[in-house]
Amino acid sequence: MNNPITVIGGGLAGLTAAIAAAETGVPVRLHEAHQTLGGRGRATQPPHVAHEGAHVFYADGPHYTWLKERGFVAGLGWPGLGDAVTACFRADGELRRLPPIGMLRAQLRKRMTAPVDLDFHTWATGHWGERTATQLANAISVTTYDADTGRLSAAFVWGLFQRVYGPAVPAVRWVRGGWQRTIDRMADRARELGVVIETGARVDTLPTDGPVIVATDLDSARRLLGDDSLQGTSGFAALLDIAVPRDRRDRFLVFDLDGGGFHECYSAQDDSVAPAGESLFQLQMPVRVGESRDAAQQRLGAFADLAVPDWRSRNTFHRTSTSKKRTGALDLPGTTWRDRPAVDRGDGVYLAGDMVAAPGMRGEISINSAIAAAAAAVADARKAARARTESA
Ligand SMILES: Cc1cc2nc3c(=O)[nH]c(=O)nc-3n(C[C@H](O)[C@H](O)[C@H](O)COP(=O)(O)OP(=O)(O)OC[C@H]3O[C@@H](n4cnc5c(N)ncnc54)[C@H](O)[C@@H]3O)c2cc1C
């Protein structure tokens, strides 16, 4: 009999690790501090199903194949044509249907590569001029949640830009019911595979009776492992959720090239997330260095005034929050994902999550690192079982 693998944390990473390990037949137990599973993938209860910020999957990587093969992302929603044509860009304070010409030129440079060592702003300025460089960086803040995306590694930002705005068919996917639906399916599958799940069970000391996968946020992992080297760079943004009675003036998507904000209507592709006749919007605005959270919320409110006219008097649901260091790893010049905290911490302890050394963006890093951590933990468990058999 193998010693059990212990997974600490029941978000996307912890559930992925638990399922991947349990599929091999090794016993797995999972401890989650919160009363419910899902971590940052949790959503509010109906009738308004709102996440901690806009949450989508991209279908162009191994993380998505893994989710799809197991039926976790079945039942997708798509916006109607009428909604899709209201997508637009904010540039120089105005909403416009098409991106500026400089951005269009950049979007077409599919084969171009960018250096790891240089910051994106300097590199993009050299190609398209300073104004376009700033607009490109703000355009991709939709995934970085950072007010100065231009300071990050050019290779990192350019890779994100090509995935989100490049000429390939957009890979964005919305699961009907939101991420909560995916989390619920994953939890069901884990239980089916025999994973012992304990919620309301914070772990303060690492267990020593088998391999351990620490699938918490990086701050918790640092405390648990007592390892101050577990550090990284992530985003900081003001968030706003609003619901209003449906109105033709409201926009489906707005990419904010002036301030790095983003606006999306979630009920356009999934009418299960808002009451009949209402639209649910999720908006974000990165917080600038030295800016107060209130000031960022005010800029976000002004952005919402453009995307959802009169929302302040029309809203039926309204929630504000701020998210700091919760949107996944960002790579600074001279670094790639390989320079983030390694998955293998030695002595049978592994890290999974969106701040560790695995490819992808945001939640994809959690999934990819969890699959790697599970494979290594299973190999450890089998090795220990073989050693016991040989010495018996
Ligand atoms: C505003 C916002 C928008 C986002 N949009 C997207 C998006 O569109 N696409 C995308 O891919 N990603 C997105 N993300 C990122 C995505 O939500 C996260 O990358 C992902 O959910 C992280 O999952 P995780 O399991 O690694 O961490 P978490 O979800 O943080 O899970 C960690 C779990 O560990 C538990 N825990 C912590 N300490 C302990 C302990 N000591 N003992 C037991 N349990 C513990 C916590 O309670 C938590 O449930 C977004 C994030 C935010 C904040």
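For ligands, and for the atoms within them, numbers begin at 1 and follow the listed sequence. The structure presented is a predicted model; accordingly, all values stated were derived computationally and were not measured.
- Remark: ligand 1 and Arg40 share an N or O pair separated by less than 3.5 Å (distance only, no angle test).
- The Thr327 neighbourhood of ligand 1 comprises atoms 2 (C), 51 (C), 52 (C), 53 (C), with distances under 4.0 Å to a heavy atom of that residue.
- The shortest N/O to N/O separation between Glu32 and ligand 1 falls below 3.5 Å.
- In His31, the part holding a heavy atom less than 4.0 Å from any atom of ligand 1 is the backbone.
- Nearest to atom 41 (N) of ligand 1 by heavy-atom distance, out of Asp204, Val203, Leu351, is Val203.
- Counting heavy-atom neighbours within 6.0 Å of Arg109 CZ, excluding the residue itself, gives a total of 12 or less.
- At a heavy-atom cutoff of 4.0 Å, ligand 1 is contacted by no atom of Ala237, backbone or side chain.
- The six-membered or imidazole ring of His55 lies away from that of Trp174, with a centre-to-centre distance of 6.0 Å or more.
- Distance check, rounded to the nearest 0.5 Å: OH of Tyr145 to CD of Gln284 gives 4.0 Å.
- Atoms of ligand 1 lying under 4.0 Å from any heavy atom of Ser323, numbered from 1 in the order shown and given with element: 53 (C).
- Among all protein heavy atoms, the one lying closest to atom 25 (O) of ligand 1 is Ala13 N, 2.9 Å.
- Between the CZ atom in Arg293 and the CG atom in Leu300 there is a gap of 14.0 Å [rounded to 0.5 Å].
- With a 6.0 Å radius and a threshold of 12 heavy atoms from other residues, nucleotides or ligands, Asp209 has its CG atom above the threshold.
- Heavy atoms of Phe57 found under 4.0 angstrom from ligand 1: none, in either backbone or side chain.
- Heavy atoms of other residues, nucleotides or ligands lying less than 6.0 angstrom from CD of Gln45 number 12 at most.
- Under 4.0 Å from ligand 1, the heavy atoms of Ala54 that appear belong solely to its backbone.
- Taking any N or O of Ala33, backbone or side chain, at least one lies under 3.5 Å from an N or O belonging to ligand 1.
- Within the 4.0 Å heavy-atom criterion, the part of Ile8 lying near ligand 1 is the side chain and not the backbone.
- For the residue pair Asp380 and Tyr350, a side-chain donor N or O sits within less than 3.5 Å of a side-chain acceptor on the partner.
- Checked by atom type, the side-chain pair Ser292/Asp294 shows no donor-acceptor distance below 3.5 Å.
- The aromatic rings of Phe317 and His48 sit parallel, their planes meeting at an angle under 30°, below the 60° perpendicular limit.
- Those atoms of ligand 1 with a heavy atom of Gly39 less than 4.0 angstrom away are 29 (O), 31 (O), 48 (C), 49 (O).
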Exercise for the section: Please lay out, stage by stage, how His51 and Gln180 fare under the test side chain to side chain donor-acceptor pair (under 3.5 Å). Expected result: CA-CA 8 Å; His51 293 89; Gln180 184 71 58; over 6 Å; no
Exercise for the section: Just do the salt bridge (charged side-chain N to carboxylate O under 4.0 Å, His left out) check on Asp204 and Arg223 with the steps written out, would you? Expected result: CA-CA 9 Å; Asp204 295 315; Arg223 283 192 296 273; over 6 Å; no
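- Neither the backbone nor the side chain of Tyr58 has a heavy atom within less than 4.0 Å of ligand 1.
- Phe72 contributes atom CZ, which lies 5.5 Å from atom CE of Met186 (distance to the nearest 0.5 angstrom).
- Every atom of ligand 1 with a heavy atom of Gly53 under 4.0 Å away is listed here by number and element: 1 (C).
- Relative to atom 36 (N) of ligand 1, the option among Thr16, Leu12, Thr216, Thr205 with the closest non-hydrogen atom is Thr216.
- Residue pairs that meet the ring pair (Phe, Tyr, Trp, His ring centres under 6.0 Å) test with at least one member in residues 79-111, sequence neighbours left out, are Phe89-Phe255.
- Rounding to the nearest 0.5 angstrom, the gap separating the CD atom in Gln297 from the CG atom in Leu239 is 7.5 Å.
- Which parts of ligand 1 touch Arg326 is read off a 4.0 Å heavy-atom cut-off, strictly below it: atoms 51 (C), 52 (C), 53 (C).
- Remark: ligand 1 and Val56 share an N or O pair separated by less than 3.5 Å (distance only, no angle test).
- Contact annotation for Ser220 and ligand 1: only side-chain heavy atoms (C-beta onward) come within less than 4.0 Å of the ligand.
- Among all non-hydrogen protein atoms, the one lying nearest atom 2 (C) of ligand 1 is Glu52 O, 2.8 Å.
- The option from Arg202, His55, Arg42 that lies nearest to atom 17 (O) of ligand 1, judged by heavy atoms, is His55.
- The closest approach between Gly328 and ligand 1 stays at or above 4.0 Å for every heavy atom of the residue.
- Comparing heavy-atom distances from atom 19 (O) of ligand 1 across Leu224, Asp354, Val142 singles out Asp354 as nearest.
- Here's the thing with Ser366: one of its N/O atoms is less than 3.5 angstrom from an N/O atom of ligand 1.
- Protein heavy atom in closest approach to atom 32 (C) of ligand 1: Ala215 O, 3.5 Å.
- Rounded to the nearest 0.5 Å, atoms CZ (Arg299) and CG (Asp256) are 8.5 Å apart.
- The aromatic rings of Phe120 and Trp123 lie tilted to each other, with the angle between the two planes from 30° to 60°.
- Here the protein heavy atom with the shortest distance to atom 31 (O) of ligand 1 is Gly11 CA, 3.6 Å.
- Remark: Phe281 engages His263 in a ring pair (Phe, Tyr, Trp, His ring centres under 6.0 Å) (not counting sequence neighbours).
- Protein heavy atom at the shortest distance from atom 3 (C) of ligand 1 is Tyr145 OH, 2.9 Å.
- One option in Gly363, Gly9, Ala221 has a heavy atom closer to atom 12 (N) of ligand 1 than any other, and that option is Gly363.
- In the vicinity of Gly353, heavy-atom distances shorter than 4.0 Å reach the ligand 1 atoms 26 (O).
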